[in-house]
Amino acid sequence: MSQPCEQLDDYLARDLDPDHEVRFIGHLESCPSCRLAVESEQRLDDLIFEATERIDGAPIGLVDRVRRKRRIQVVRSSLSIAAALAVAMGMASWAWRSGPPVSAPPRIEIAAAPPSQHVMVDFEPGSGVTGVAMPSDSPNVTVVMMFMDAGSENPGVER
Amino acid sequence: MDSRLDEWTPRVYRLALRLSNDPHVAEDLTQETLLRAWRQVHSLREPAALRVWLFRITTNLWRDRLRRRSPTAQLDHDPPGPTAEPGRSLSGGEELSRAYRAMCELPPRQREVLHLIACEEMSLADVAATLGITRESAKANLSLARKRLRSILEPEPASRP
């Protein structure tokens, strides 16, 4: 058996690379036994192909059903994205309206004293702030000057 | 993908039918395959590999179904045969009908390999890739399938005494 004939099985199994396939097809012209084998397999494959083509037609309307399902899929996907965007925008809006978190201002206790005198005001211990009440023209208004303590040893104001 | 749906739907359906031997399952598999392909088509790097990629999805979906079935479930149904498509006439009738039945009765792997080779004209390498098997296995199954079909369709003449 010559070497090309040994490639018969590979050719029938479509396992030859393009170059070898072309060479083997050339070989068929001069080798009746290989040609006979190829024609026999080809007839069988053709019969299977034809039978399948005629009998296995896709059900009527299958393509339309696939298209319809695809449209539903796309709509669902779009709705999911829209819902996610709406939630994200809602959260952003809520955060913007709320502003940054605000802590309660330190409570101020003002010692009872006539408005004409300087009054020492103590904030909560540890707040580091000292307020001094100043006289004003109105008896109903007290102006409070606030000083940040540089340190507990030197409050910066006379007590 | 949409523009090629008319072309691919029958081909995917035929493979699904070869895999399942059941027209209803084949229709489901076809729909699932095409919808999944539509969703994931961006992941296909080589458009030339579309057929292997698409058929691979079908094969994987079929394998998933088999795994979900109970172990006692019958895996193969009666082949649909020519009567499954009423209204279709078979010219060349009897021979095609016999060939079709013979193919449907092949063991699943032989049937799948033969379909991809004879009907899709795939290379052996692509068949192996589609079915997730080695080339050697694909080749062996193809050889067995053809041998078996030939024995059914071309019976040896009985030897005379």
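Chain naming here is simple, since letters A, B, ... match the order of the sequence lines and numbering starts at 1 in each.
A:L36 and A:L8 fall into different hydrophobic clusters, where Ile, Leu, Val, Met, Phe, Trp and Tyr side chains are chained together by heavy-atom contacts under 4.5 Å. Under the 4.5 Å side-chain heavy-atom criterion for grouping Ile, Leu, Val, Met, Phe, Trp and Tyr, A:I72 is not connected to B:L5 through any hydrophobic cluster. No chain of hydrophobic side-chain contacts below 4.5 Å, direct or via other Ile, Leu, Val, Met, Phe, Trp or Tyr residues, connects B:L15 to A:F49. Grouping the Ile, Leu, Val, Met, Phe, Trp and Tyr side chains by contacts below 4.5 angstrom, directly or via other members, places A:V38 apart from A:V22. A single hydrophobic cluster is not seen to contain both A:Y11 and B:L144; linkage of ILVMFWY side chains at heavy-atom distances under 4.5 Å, directly or through other members, places them apart.
Here the SG atom belonging to B:C104 is positioned 8.0 Å from the CD1 atom belonging to A:I55, to the nearest 0.5 angstrom. Considering CG of A:D45 and CG of B:L142, their distance stands at 7.5 Å, rounded to 0.5 Å. Atom CD1 in A:I48 sits 10.0 Å away from atom OH in B:Y100 (nearest 0.5 Å). Taking CZ from A:R65 and CG from B:L34, the interatomic distance works out to 12.5 Å, rounded to the nearest 0.5 Å. If you take CZ on B:R146 and CG on A:L44, they are separated by 7.0 Å, rounding to the nearest 0.5 Å. Atoms NZ and CD, from A:K69 and B:E32 in turn, are 8.0 Å apart once rounded to the nearest 0.5 Å.
Residues A:R43 and B:R150 are not in side-chain contact: their nearest non-hydrogen atoms beyond the backbone lie 4.5 Å or more apart.
Contact detail for A:A51 and B:L96: the closest heavy-atom pair is CB-O, 3.6 Å. Nearest heavy atoms, A:A58 versus B:P10: CB-CA, 3.9 Å. Annotation for B:Y13 and A:G57: closest pair CE2-O, 3.6 Å, computed over non-hydrogen atoms. Between B:K139 and A:D15 the shortest heavy-atom distance is NZ-OD2, 3.9 Å. Scanning both residues, A:A13 and B:L124, for their nearest heavy atoms gives O-CB, 3.3 Å.
Heavy atoms closer than 4.5 Å to chain A are found in the side chain of B:R135, but not in its backbone. At a 4.5 Å heavy-atom cutoff, the contact between A:D10 and chain B is made by backbone and side-chain atoms alike. With a 4.5 angstrom heavy-atom cutoff, A:L12 touches chain B via backbone and side-chain atoms both. Heavy atoms of A:L47 lying under 4.5 Å from chain B belong to its backbone as well as its side chain. Neither the backbone nor the side chain of A:Q42 comes within contact range of chain B; no heavy atoms are under 4.5 Å apart. Neither the backbone nor the side chain of B:E120 comes within contact range of chain A; no heavy atom of the residue lies under 4.5 Å from a heavy atom of that chain.
Remark: the backbone N or O of B:V127 is not paired with any side-chain donor or acceptor of A:R14 at under 3.5 angstrom.
For A:L79, the CG atom sits in a packed shell: over 12 heavy atoms of surrounding residues, nucleotides or ligands are nearer than 6.0 Å. For CD of B:E7, the number of neighbouring non-hydrogen atoms (other residues, nucleotides, ligands) closer than 6.0 Å is greater than 12.
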How far apart are the C-alpha atoms of B:W38 and A:V66, what are their side-chain angles, what is the distance that settles it, and do they pass the side-chain contact (heavy atoms from CB on, under 4.5 Å) test? CA-CA 10 Å; B:W38 228 322; A:V66 172; 4.0 Å; yes
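For chain A, the option among B:C119, B:A16, B:A125 with the highest count of heavy-atom pairs below 4.5 Å is B:C119. Ranking B:E27, B:M103, B:R11, B:M122 against chain A, the residue ahead of the rest is B:E27, based on heavy-atom pairs under 4.5 Å.
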